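Here's the structure we're looking at; comments come further down.
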Number of protein chains: 2
Amino acid sequence: MTSADLRVHNQARLLRAVHNADQPLTRASAARLLGIGRNTAGALVGDLEAAGLLHEVPAEASGRGRPTTLLVPHPEGPVAFAADIREDSWTLARVALGGELQVLETGEHDRTPALFADIKAAVGRHETEHLAALGIAISGPIRDGHRLHISHLGWDEVDLDDHIGDGWPPTVIDNDARLAGLAEVRRGALRGMGTVMHFHIDFDIGGTLLLGGDPQRGAHHIAGEFGHMPLTGSTLECMCGVKGCWSLDVGANALVRRFGKEPGYGTGRDLAQEVLRRSETGDAEATAAVDENAAALGKGLGALANALDPEAISLSGLGIELIRLRRDLIERTCAANLMAFRRTAPPRILPGTVGDDGPLRGAAEIAFDAILTEDRLRDRL
Amino acid sequence: MTSADLRVHNQARLLRAVHNADQPLTRASAARLLGIGRNTAGALVGDLEAAGLLHEVPAEASGRGRPTTLLVPHPEGPVAFAADIREDSWTLARVALGGELQVLETGEHDRTPALFADIKAAVGRHETEHLAALGIAISGPIRDGHRLHISHLGWDEVDLDDHIGDGWPPTVIDNDARLAGLAEVRRGALRGMGTVMHFHIDFDIGGTLLLGGDPQRGAHHIAGEFGHMPLTGSTLECMCGVKGCWSLDVGANALVRRFGKEPGYGTGRDLAQEVLRRSETGDAEATAAVDENAAALGKGLGALANALDPEAISLSGLGIELIRLRRDLIERTCAANLMAFRRTAPPRILPGTVGDDGPLRGAAEIAFDAILTEDRLRDRL
DNA sequence: TTGTTATGTTCTTAGCAAGAACAAAAAGTT
DNA sequence: AACTTTTTGTTCTTGCTAAGAACATAACAA
């Protein structure tokens with residue numbers, strides 16, 4: 001590591017601080033935050049302004065002292081696009097340094113990889129020369145960061161590289177559950193915590209272990225299929241090829257199956273919502289179904305907490321409703337499956353606060369993770 | 001980060017490279033390894049020699065070129081002690097920079113926390129002024145790094161801080177399974193791999209997830225109880241307070257129970273070894289018992305691989321024998337519990353190569369992790 | 001004996017952050 | 001209205017870092 005690397009390192013810390021901050025930082029507060037002198041902060045900001053990465057605007061005075069400046073995205077600075085691909089639609093958004101998100105366009109798709117061309121066209125309609133990276137969220141495992149196994153679209157192994165080519169911005173893609181967790185840990189309910197988990201409950205369960213604000217991806221980028229561990233003693237065969245998966249008992253598919261319908265991916269959300277509604281109005285069978293779902297959820301969370309010892313677990317999708325309706329049951333079954341000595345300090349179970357656009361926000365985060373690297377900075381400065 | 005931090009950072013990189021190397025590095029090869037110039041390497045090594053952290057001895061010439069020096073531990077340099085506490089005995093060893101380990105003493109203990117006084121006395125008998133840290137391995141969860149829950153000793157919540165005091169070297173303690181995994185990833189079968197798991201199979205299963213060469217400890221330092229997830233469908237009650245734990249079907253306790261004896265911690269290893277022997281000579285019941293054990297092991301590994309996507313999984317303890325006797329069965333049951341799309345690239349299942357003193361070697365590693373920090377270096381230089 | 005090769009050493013140089021001293025811009029205080 | 005206090009920005013100097021060039025050294029090879 002050389003002196004020049006030192007400068008780049010501190011530039012990156014500063015940019016990262018600006019990006020991660022809840023509200024715009026002032027130059028003086030950034031200096032305090034990083035533990036550097038005002039002179040050094042001035043030099044760093046000056047370089048970054050010259051490199052077109054940061055812009056200073058006068059901050060309104062607050063109390064005594066010479067007024068300082070706010071650090072805001074440079075008008076000529078890099079911009080990320082984020083796309084969220086769902087069963088039959090997609091959303092494209094634009095994200096600036098700091099995380100401000102602006103939806104650009106939404107569209108339908110035909111469930112084939114041709115949708116990437118649609119997204120490319122949409123990117124083209126909004127493209128600026130400052131577009132630096134595109135982050136994509138999609139539901140399903142993505143081996144090695146480009147081989148897509150998207151069961152609800154019937155994609156067995158679609159290679160992203162075959163569908164993006166010249167004219168594409170630098171693109172990163174990841175699983176929606178993992179990205180929803182990333183959004184929670186960077187900007188939501190899990191903010192600031194070191195060891196946490198997030199689960200997105202939709203048709204089944206997808207999840208991620210987040211350490212120090214980063215989602216773990218495993219050796220082949222396909223970690224996180226916690227829903228395909230046999231945690232609840234089911235004897236059914238799962239669509240994934242294994243017997244007894246946790247996902248068979250939790251999520252919309254489990255509710256659908258409980259009512260004698262054929263589970264799958266793509267239909268059943270409405271029925272699941274209806275079951276939740278009916279359980280609230282006292283329908284006995286719906287109540288039992290929701291109870292079973294929540295209990296299976298809690299049981300799995302307890303088992304996973306034994307293994308991974310998270311400080312907190314956040315849920316999104318159906319999980320938010322389940323916490324609202326059955327927090328007590330989830331916590332009780334979780335505790336019952338925690339090793340006895342852990343029960344004095346169980347993991348906190350939290351509804352996600354980022355909302356329905358967690359995957360989109362997570363996609364924005366991985367796009368900026370690709371932009372705010374020391375290597376890229378070295379080239380740009 | 002300042003210029004002085006830069007120097008400390010590079011010193012730390014150099015020391016870490018020396019410590020991690022398989023064989024002593026030469027000064028020239030260290031410079032190449034770190035990507036620094038020979039002049040810079042000379043300056044760094046000079047400082048470290050002056051600080052009493054590194055020593056240079058002439059390296060025997062190999063081929064053309066001016067002979068260089070070997071980087072070896074400084075005779076006045078810091079030394080770590082490592083202790084491994086088992087059911088009724090302990091081992092104390094001395095470790096030098098580079099990982100060379102020398103057993104100093106072994107002893108029996110009375111299964112009470114008084115054993116820490118015994119260890120302290122043994123440390124005293126061998127103490128040098130250069131002793132910088134003591135690492136301890138013990139079997140059982142250790143909440144927050146000091147509250148011991150050691151079921152096989154009947155310790156429910158023994159606070160290490162109540163039993164070490166003045167005169168103790170800086171002490172770090174961790175779970176033996178985690179430390180065995182650490183030894184494998186730093187110096188054994190898992191060396192150099194990014195996402196791996198290790199399981200130590202003894203009476204039951206302890207394990208650890210290792211990322212980038214570091215074992216994950218969770219929010220309360222009690223991650224890794226993979227054996228207490230319900231992965232195999234058992235309906236029995238586990239001593240941990242939960243029903244259906246994986247550990248009920250894998251390890252010496254499971255073999256003991258299979259033969260109608262009372263499982264526990266402390267007795268049963270002999271019986272387990274006998275069952276393994278008998279299975280090798282064709283005893284039908286022993287064969288069935290070993291089959292069940294291996295199949296349950298493979299099933300759990302498959303489930304965990306779905307969730308965490310390790311590149312490889314190493315085993316120690318009984319696991320080594322199980323791989324030797326039933327590799328095929330373990331791999332088949334693992335594959336059957338892998339999601340179908342993963343089966344083309346299953347995790348490699350490897351016998352640990354560090355051997356029986358994995359916990360001791362891991363304890364040495366955490367002791368040196370405590371020594372080779374930038375903060376400590378800053379103070380010493 | 002004379003290259004050839006790899007490494008060590010010395011000296012210069014460009015760059016970095018820290019610190020001190022001072023300037024500037026606001027809000028209180030008298 | 002003048003002065004003080006507080007906070008921040010700016011300038012300049014200083015000590016430190018690693019890199020690079022040039023040269024020295026110690027082995028081997030022809």
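Note that the structure is predicted; figures quoted are calculated from it, not measured. Each chain gets a letter, A, B and so on, in the order its sequence line appears, and its residues count up from 1.
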Rounded at 0.5 Å granularity, tell me how far CD1 in B/I36 sits from CZ in B/R13. 7.0 Å
Between D/dT8 (C1') and A/N39 (CG): distance, integer Å: 12 Å
Atom pair distance, as rounded to whole Å: CD1 in B/I36 and C1' in D/dG20: 14 Å
Counting N and O atoms only, with roles assigned by atom type, does the side chain of B/Q216 sit under 3.5 Å from a partner on the main chain of A/L308, one being a donor and the other an acceptor? no
Whole Å only: how far is the CE atom of A/M1 from the P atom of D/dA19? 11 Å
If you walk 5' to 3' along DNA chain C, what is the first nucleotide with an atom under 4.0 Å of a heavy atom in chain A, and what is the last? C/dC16 to C/dG28
Cationic N near anionic O, under 4.0 Å, A/D369 to A/R16: yes
Got a sec? Which of residues 18-29 of chain B come in under 4.0 Å of DNA chain C, heavy atoms? B/R27, B/A28
Measure the spacing between CG of A/L160 and CG of A/D144 and express it to the nearest 0.5 Å. 12.5 Å
Using only side-chain N and O atoms of B/T40, determine if any of them is under 4.0 Å from OP1 or OP2 of D/dA19. yes
Without swapping roles, check the side chain of A/E184 against the backbone of A/V354 for a donor-acceptor pair under 3.5 Å. yes
Roughly, in whole Å, what's the span from CG in B/D47 to P in D/dC16? 11 Å
Whole-Å distance separating the CG atom of B/L6 from the C1' atom of D/dG15: 14 Å
A/E100 atom CD, neighbour heavy-atom count above 12 within 6.0 Å: no
Less than 4.0 Å between a side-chain N and a carboxylate O, is that true for A/D379 and A/R376? no
Would you compute the distance between atom CG of B/N10 and atom OG1 of B/T40 and round it to the nearest 0.5 angstrom? 8.5 Å
Just checking A/G42: base, sugar-phosphate only, or nothing, at a heavy-atom cut-off of under 4.0 Å? nothing
Here the distance between atom C1' of D/dT10 and atom CD of A/E56, to the nearest Å, is 13 Å
Distance only, no hydrogens: is a donor on one side chain within 3.5 Å (strictly under) of an acceptor on the other, for B/H198 and B/S314? yes
In B/S/- notation, 5' to 3', how is nucleotides 24-30 of chain D contacted by protein heavy atoms closer than 4.0 Å? BBBBBS-
So, does the side chain of A/S3 form a donor-acceptor pair with the base of D/dT17 at under 3.5 Å? yes
Which whole-number value in Å describes the distance from A/E49 CD to D/dG9 C1'? 15 Å
Using the rule given for salt bridge (Lys or Arg N to Asp or Glu O under 4.0 Å), can you reason through B/D214 versus B/R186, listing the C-alpha separation, both sets of side-chain angles and the distance that settles it, and then say yes or no? CA-CA 9 Å; B/D214 285 316; B/R186 296 267 178 96; 3.0 Å; yes
For A/D5, report the nucleic acid contact type (base, sugar-phosphate, nothing); a contact means any heavy atom under 4.0 Å. nothing
State whether the side chain of A/T208 and the backbone N or O of A/L210 hold a donor-acceptor pair below 3.5 Å, judged by distance alone. no
